[in-house]
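Labels below follow one simple rule: chain letters A, B, ... track the order of the sequence lines, proteins then strands, and each chain is numbered from 1.
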2 protein chains.
Amino acid sequence: MDIQLKRGLLDVCVLAAIKKEDSYGYKIIKDMSPYIKMSESTLYTILKRLEIAGLLTVRATLHEGRVRKYYHITRAGLGRIQDFKEEWREVMSIYKFVTREDSGK
Amino acid sequence: MDIQLKRGLLDVCVLAAIKKEDSYGYKIIKDMSPYIKMSESTLYTILKRLEIAGLLTVRATLHEGRVRKYYHITRAGLGRIQDFKEEWREVMSIYKFVTREDSGK
DNA sequence: ACACAATACCTCGCAATGTGAGGTATTACA
DNA sequence: TGTAATACCTCACATTGCGAGGTATTGTGT
């Protein structure tokens, strides 16, 4: 899908992916892939960003000899999703503006 | 509204603003302002970009001593709006993913 | 006459961010 | 021995919205 359209969705998608239960990078990409594709470099950049912003916390673990970092959403992260939800009214009004049919033409 | 969310909408909004009838920069901003705010520098950048991409054409006129440039949407521009419309299914599925309630939690 | 808003266009540098290319390391399987 | 899968990461690059700033004309208030 259009890269510009993605920009407003990716952050909040990642948050949504760890909302239900803590998850890790590799799994987040797999879970999101039916809805939205993203490269690994993008995801790890975003995870770092969201951590710095305090929207999630990290906990490193060892799993079958491999490092695995679990991400946990914070209250602020949940707030971010809520904000997104509220902003969606605006988005839909824009969508309607774009797709309206100029009946007279 | 969130600047990242805007990125996917602005181009197509501008096209929608000139779809009904040819319009010019200053008026486009006014027309769109109830739906989405954008600075002049943004708009003129976008108009230039869309012109280069062949999604609209320009016609300079004189109006009460001031230069006024009218923009006209091309077939490709209409196609861009159509593409956006079709991509919206994907966007809505992402929206649902983000806002779903984890019933069991 | 002077100041200021409105109309109408433009350029430039900055900051944010998705991506491909590339890197490191372990486990699983043919 | 080699390749895929798992799992993490860095870096340079291109795109793009925006603020700051610029130019010019017309209209309005003092």
Side-chain angles (χ1 to χ4, degrees), chain A residues 1-15 17-18 22-33 35-53 55-56 58-71 80 84 87 90-91 94, chain B residues 1-15 17-18 22-33 35-53 55-56 58-71 80 84 87 90-91 94:
Chain A
M1 77 179 289
D2 177 55
I3 190 176
Q4 302 307 326
L5 215 39
K6 271 185 173 178
R7 290 178 99 102
L9 303 170
L10 280 179
D11 276 29
V12 94
C13 267
V14 171
L15 289 173
I18 64 168
D22 295 0
S23 187
Y24 54 97
Y26 200 79
K27 183 164 188 292
I28 292 170
I29 287 189
K30 302 270 181 214
D31 288 348
M32 288 182 22
S33 77
Y35 304 98
I36 192 168
K37 310 278 188 194
M38 63 193 308
S39 77
E40 288 190 32
S41 58
T42 302
L43 178 65
Y44 290 111
T45 307
I46 289 175
L47 286 170
K48 197 69 188 169
R49 186 162 69 228
L50 295 178
E51 188 197 346
I52 289 168
L55 304 187
L56 49 76
V58 197
R59 171 173 48 91
T61 64
L62 248 180
H63 185 261
E64 287 171 3
R66 275 189 285 260
V67 176
R68 203 186 255 180
K69 288 173 139 190
Y70 277 91
Y71 294 89
R80 177 73 183 78
F84 174 80
E87 218 165 27
E90 249 179 285
V91 172
I94 292 166
Chain B
M1 77 180 287
D2 177 55
I3 189 177
Q4 303 307 326
L5 215 39
K6 269 186 174 180
R7 291 177 100 101
L9 303 170
L10 281 179
D11 276 31
V12 92
C13 266
V14 171
L15 289 173
I18 63 168
D22 295 359
S23 187
Y24 54 97
Y26 199 80
K27 181 162 190 292
I28 291 170
I29 286 189
K30 302 268 181 217
D31 287 347
M32 289 184 19
S33 77
Y35 305 97
I36 193 168
K37 309 278 188 194
M38 63 193 307
S39 77
E40 288 190 32
S41 58
T42 301
L43 177 64
Y44 290 111
T45 305
I46 289 176
L47 287 170
K48 197 70 189 165
R49 187 161 68 228
L50 295 178
E51 187 197 348
I52 289 169
L55 305 187
L56 49 76
V58 197
R59 170 174 48 90
T61 64
L62 249 180
H63 184 262
E64 286 171 5
R66 275 189 284 261
V67 176
R68 203 186 254 181
K69 289 173 139 190
Y70 277 92
Y71 294 90
R80 176 72 183 79
F84 174 80
E87 219 166 26
E90 250 179 284
V91 172
I94 292 166

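Contacts between residues 5-12 of chain A and DNA chain C, defined by a heavy-atom separation below 4.0 Å, involve A:K6, A:R7, A:L10, listed by number. Contacts with DNA chain D (heavy atom under 4.0 Å) in residues 60-70 of chain B: B:E64, B:G65, B:R66, listed by number. For residues 35-45 of chain A, proximity to DNA chain D is found at A:E40, A:S41, A:Y44, defined as any non-hydrogen atom under 4.0 angstrom from a strand atom.
Taken to the nearest 0.5 Å, the CE atom of A:M38 stands 8.0 Å off from the SG atom of A:C13. B:L50 contributes atom CG, which lies 5.0 Å from atom CG of B:L15 (distance to the nearest 0.5 angstrom). Here B:Y71 contributes atom OH and B:L55 contributes atom CG; the two are 13.5 Å apart, rounded to the nearest 0.5 Å.
B:S23 approaches B:A17 most closely through the heavy-atom pair CB-O, 4.5 Å. For A:E87 against B:D2, the heavy-atom pair with the smallest separation is OE2-N, 2.7 Å. Scanning all heavy atoms of the two residues, the minimum distance from A:L47 to A:L56 falls at O-CD1, 3.9 Å.
Scored by the ring-ring contact (aromatic ring centres under 6.0 Å, His included) test, B:Y24 finds B:Y70 as partners (sequence neighbours excluded). By the salt bridge (Lys or Arg N to Asp or Glu O under 4.0 Å) test, B:K27 is found to be paired with B:D31, residues two or more places apart in sequence or in another chain being considered. In this structure B:E40 satisfies the salt bridge (Lys or Arg N to Asp or Glu O under 4.0 Å) test with no other residue, sequence neighbours excluded. For B:K30, the salt bridge (Lys or Arg N to Asp or Glu O under 4.0 Å) test picks out no residue, with sequence neighbours left out. A:S41 meets the side-chain hydrogen bond (donor to acceptor under 3.5 Å, both in side chains) test with A:S39; sequence neighbours excluded.
Nucleotides of DNA chain D with any atom under 4.0 Å from a heavy atom of chain B span, from 5' to 3', D:dT15 to D:dT26.
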Output side-chain donor-acceptor pairs under 3.5 Å for residues 3-10 of chain B, partner residues at least two apart or in another chain, one line each.
from: B:Q4; atom 1: OE1; to: A:R7; atom 2: NE; distance (Å): 3.4
from: B:K6; atom 1: NZ; to: B:K37; atom 2: O; distance (Å): 2.7
from: B:R7; atom 1: NE; to: A:Q4; atom 2: OE1; distance (Å): 3.4

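Spacing between atom NZ of B:K48 and atom C1' of C:dT11 amounts to 12 Å, rounded to whole angstrom units. Taking atom CD1 on A:I28 and atom P on C:dG18, their separation rounds to 14 Å, with Å as the unit. Rounded to whole Å, the distance from CD1 on B:I29 to P on C:dA6 is 14 Å.
Within the nucleic acid shown, B:K30 comes within 4.0 Å of sugar-phosphate atoms alone, with no base atom in reach, counting heavy atoms only.
The salt bridge (Lys or Arg N to Asp or Glu O under 4.0 Å) analysis of residues 59-71 of chain B, with sequence neighbours excluded, yields the pairs B:D22-B:R59.
Taking side-chain N and O atoms only, B:Q4 has a distance below 4.0 Å to OP1 or OP2 of C:dT17.
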